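See below for the structure under consideration.
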2 protein chains.
Amino acid sequence: MKPTIYDIAREAGVSATTVSKVINNKGRISEKTKAKIVKIMEDLHYQPSVLASAMKGKNTFTIGIIIPDMNNPVYSEYLKLIEAYGRELGFSILICNTNNDPEKEEEQVTLFRQRQVDGFIIASKFKNDEVLKELINENFPLVLFALERPELSIDCVTIDDFLGGYKVTEYLLSLGHRQIGLMTEDAESSLERVRGYKRALLNADVEYNEKLIYQSETTIDRAVEQAGKLLDSKDKPTAIFGCNDVLAVGTLMAAKHRGIKIPNELSVIGFDNTFMCKIVEPQLSSVSVPLGEMGRQAMDLLISKIDKTNKSKQRIKMLPDLVIRETTARVYEKDAN
Amino acid sequence: MKPTIYDIAREAGVSATTVSKVINNKGRISEKTKAKIVKIMEDLHYQPSVLASAMKGKNTFTIGIIIPDMNNPVYSEYLKLIEAYGRELGFSILICNTNNDPEKEEEQVTLFRQRQVDGFIIASKFKNDEVLKELINENFPLVLFALERPELSIDCVTIDDFLGGYKVTEYLLSLGHRQIGLMTEDAESSLERVRGYKRALLNADVEYNEKLIYQSETTIDRAVEQAGKLLDSKDKPTAIFGCNDVLAVGTLMAAKHRGIKIPNELSVIGFDNTFMCKIVEPQLSSVSVPLGEMGRQAMDLLISKIDKTNKSKQRIKMLPDLVIRETTARVYEKDAN
DNA sequence: TTGAAAGCGCTAACAG
DNA sequence: CTGTTAGCGCTTTCAA
C-alpha cells in the first residue's frame, strides 16, 4: 500500500497536521521536525494524494483540453506545447478529441467536471452554446483557444484571422491574381479569414465572386474532393487560398491530379504553417501563427482564473505572418506565351 | 454549488446510502423510490464526484497515456483512437508527451499516480527500468504499446517489427536492389526492424554492410540531415528503408535536394503508413500497421487488468502489411542506358 | 427495503 | 511551534 500522511506522521512521531504543513509549506514548524519529516517522506516514497486534497477544496492540478482533431498537425502541435508548459507549471492534461461533434463536447465537459478539473481550454467550436453559457455563469475557469465567440463574454486567445485572410489575399493580388479561390471550413475562424479576403478584394476594387468559395471538412480526402470541384468549375481560379494547411494540401493534390502546374498555373497558400508545408512539393506557402506563444498565453490566462488572481476577461489576439515558399507566383499570363 | 449526494437524499426524503445504491445499481430498492431519486438527480443535474468515490477505493476511470511525440502522426493517430475508444468505455485520458526523456517519464508516472489513474498505457521507451519494475512489482495495471521489453514480464501489444523489416527488405531485394540503406531510430522496435532487414539479406545471400545504416532522431530536420550523409557516402544505396515515415520522408527530401530521381534512381520506403505517405510526392510506399485494432487491444487488455478479470500476462503481436505506392521501383541499371 | 455510522487521505480552524 | 477536531462526498458494513 502507498503510505498516507498518517504513516509519515507516526513514523516521525508527530501529528498528520504537522506533516500536512510541511507538504504545503504552511504555518511554522521547526527546521528540525521539518527536516525529519522530509527525510521520512523521501524514504517512504510518500506522494500526497491529489484526490484527498482536492476533496478539501484544493485544486486537482488537472485541466481539460478539448480539441476538434488531434490528427491535424496544428492541434497536435498545440497540444504538445500546452502539455509541456502545463507540466512545467504542475498541471496534468486531460484530453478530448471531439471531431466537432456537439454531443461529445457536452458529454466531455460533464465527464471532466466529474473528475474535478480545475479549468478548461477549449479549441473545439461548441455548437451547443448552453454548455458554454453554463460554465460562464458559474464562473468556471475557461479559455477559448483559436476560437472566438463574439457574442459571449469569455476569455480567449486567438490569432487575428481577419488580418491573416487579408494579408494572404493582398499578397495574391500583388502577384496579379484576380480570380482567387477560397477553400474554407465551417468555423468561426475561417469566417474571419474570409472576411479578410473580401476586404482585400474590396480595397483592390476586385469583384467578389461567391462561386470561388468552397467549403470542406478538414480532412485531406474531403479537401481533395472539394478543391477538385473548384478547379473544375467555370470560374477557374488562378490562385487558391486554403483556410488551413490541410485544405491547402488537398488543393495541391487535386491540382496535381489534373496536371495543373504549381505555382505557374496555380498559386496555393495555406494557413497555420504546419510541418506539412515543408514536406509537400512544391513547398507550401502559408500563414504562420505563434502557436507556442498562444499556448503559453492561454495557460497563463487560465491559471490566473483558477488562482483567481485575475478577474477581468480578455480577448488576446496574436498577429499572423505570411510565410512564402514555393506555391505562390505571379499570375500565369496566357497572352505572354 | 454542485449538488452532493446529500442534497439528493434530502430532496427525496431518503438517506445518502439509498441514493448511493441507485447510483451504483446495487442492493435492493423499491422501483418507486428509485424512480423518484433518479428523477431528482436529473432535475438537479447531479453528477457523482469521481474523486469522492475514488477515495473509497473505486476506480477513477482515468488512464494515463505516455507517448514520445504526439507530433509524429503515428502517435497522434493512435492517441485519437485510444481516446475515442476509452471514452466509449467510460475512461478519460491523461496524456504525457515525453520526447523520450527518461526524467519526464519517471516524473509523469508519479504525477499520474498521485492523480490515482487506474492504469497506464506506455508507448515511450522507458530508459529508466526501475520505474517499470516498480509498477510491475506492485502489479499496477500497465500495458506497453508498440514497445517491447523482452526482459520484462509485462503485457504489451506491438507489431511484428521483425516481419515488417523482413518484408520491406525482401521486397526491395525482389526489385533487384542490393545496396539497401537503412535509416533507423534509437528504439527497440527499430532494432527489430533492422533484425528483419539483416535476416532478409542473409536469406538472399546479400552481404550486410554496416555503413549503410544511419541512425537519426525522429524529426524531419534531423532525418534530412542524416539521410543526406547516407546519400553522400561512398556506399551509395539504390534503396533506403526508413524505420518510420518521418525518417522516410526526410530521406525523400534529402534525395530531392540532391536532384536524385525517385523512384528511378532511388527507392524509398517507410513504416507506419501515416497520412504523410499520401501527401508527399511521389507518394511514399510504407508498411501499414493496424493502429485501430492495436489501440483497442491495448485498452481491452488494460481494462481487464484494472477489473482483475484477467491475471495472465501476454504479448500480442500484430502483423504488418506492405503498402506499395510510388517511391519504390526496380533498381536503376546504369548499363541499361 | 432502508438507514446510521465509520472512514478513505487530507486540510483548516482553533487551541494549547 | 504543534496537535485536536471536524469534515470534504462518497461507499460499505451492519443493523433495523
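It should be emphasised that the depicted structure is a prediction, and the values quoted were computed from it without experimental measurement. Protein chains get the first letters and strands the later ones, always in sequence-line order, with residue 1 at the start of each.
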Taking only N and O in the side chain of [X], is any of them less than 4.0 Å away from OP1 or OP2 of [N]?
| X | N | answer |
| --- | --- | --- |
| B:K34 | C:dT1 | no |
| B:Y46 | D:dC10 | yes |
| A:S53 | C:dC10 | no |
| B:S49 | D:dG9 | no |
| A:T33 | D:dT2 | yes |
| A:T17 | D:dG3 | no |
| B:S15 | C:dT2 | no |

Length of the line joining [X]:[atom1] and [N]:[atom2], which is rounded to integer Å:
| X | N | atom1 | atom2 | value |
| --- | --- | --- | --- | --- |
| A:Q116 | C:dG9 | CD | P | 18 Å |
| B:K2 | D:dG9 | NZ | C1' | 11 Å |
| B:K58 | C:dG9 | NZ | P | 16 Å |
| A:K26 | D:dC1 | NZ | C1' | 17 Å |
| A:N59 | C:dA12 | CG | P | 11 Å |
| B:K32 | C:dT1 | NZ | P | 13 Å |
| B:I5 | C:dT2 | CD1 | P | 15 Å |
| A:Y6 | C:dG7 | OH | C1' | 10 Å |

> Any idea how A:F112 and A:F120 line up, ring-wise: parallel (<30°), tilted (30 to 60°), or perpendicular (>60°)?
Replying inline: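 Ring orientation of A:F112 relative to A:F120: parallel.
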
Inset, instruction - Have a look at the helix from C:dT1-D:dA16 to C:dG16-D:dC1 and give the angle its two end axes make, five pairs each, rounded to 10 degrees. - result: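 Terminal axis comparison yields 40°.
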
Side chain to side chain, B:K125 and B:N100, heavy atoms closer than 4.5 Å |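 The answer is yes; the side chains approach within 4.5 Å.
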
- Side-chain contact test, heavy atoms from C-beta onward, threshold under 4.5 Å: evaluate it for A:E138 versus A:R113 and give yes or no.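 Counting from C-beta outward, A:E138 and A:R113 do come under 4.5 Å.
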
_Tell me whether the side-chain N or O atoms of A:K56 pair up with the base of C:dG9 as donor and acceptor below 3.5 Å, since no angle test is needed here._
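It does not, because no donor-acceptor pair links the side chain of A:K56 to the base of C:dG9 below 3.5 Å.
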
Q) NA contact type, B:K21, heavy-atom cut-off 4.0 Å: base, sugar-phosphate, or nothing? A)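 Counting heavy atoms under 4.0 Å across all strands, the contact made by B:K21 includes a base.
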
Quick one: label B:T4 by what it contacts on the DNA or RNA (base, sugar-phosphate, nothing), any heavy atom closer than 4.0 Å.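 Counting heavy atoms under 4.0 Å across all strands, the contact made by B:T4 is with sugar-phosphate only.
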
**Asked** Just how far is it from atom CG of B:L291 to atom CG of B:D272, taken to the nearest 0.5 Å?
**Response**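 Between atom CG of B:L291 and atom CG of B:D272 there are 7.0 Å.
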
Exercise. Given A:D155, which of A:K305, A:R315, A:K313 fulfils the salt bridge (charged side-chain N to carboxylate O under 4.0 Å, His left out) condition?
Worked result: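 Going through A:K305, A:R315, A:K313 one by one, the salt bridge (charged side-chain N to carboxylate O under 4.0 Å, His left out) with A:D155 is satisfied by A:K305 alone.
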
- Message: With a sphere of 6.0 Å drawn around CD of A:E151, does it hold more than 12 non-hydrogen atoms of other residues, nucleotides or ligands?
- Response: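 Count over threshold, so yes.
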
Contact list for residues 42-62 of chain B, test salt bridge (charged side-chain N to carboxylate O under 4.0 Å, His left out), sequence neighbours left out: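 For residues 42-62 of chain B, and leaving out neighbouring residues, the salt bridge (charged side-chain N to carboxylate O under 4.0 Å, His left out) pairs sorted by first residue read B:K39-B:D43.
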
For this session: Would you mind checking if B:E148 and B:K317 are paired as a salt bridge, meaning a charged N to carboxylate O distance below 4.0 Å?
Result: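 Result for this pair is yes, salt bridge flagged.
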
Legend entry - Nearest to side-chain heavy atoms of B:M55, which nucleotide of C:dC8, C:dT11, C:dG3: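 So the side chain of B:M55 is nearest to C:dC8.
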
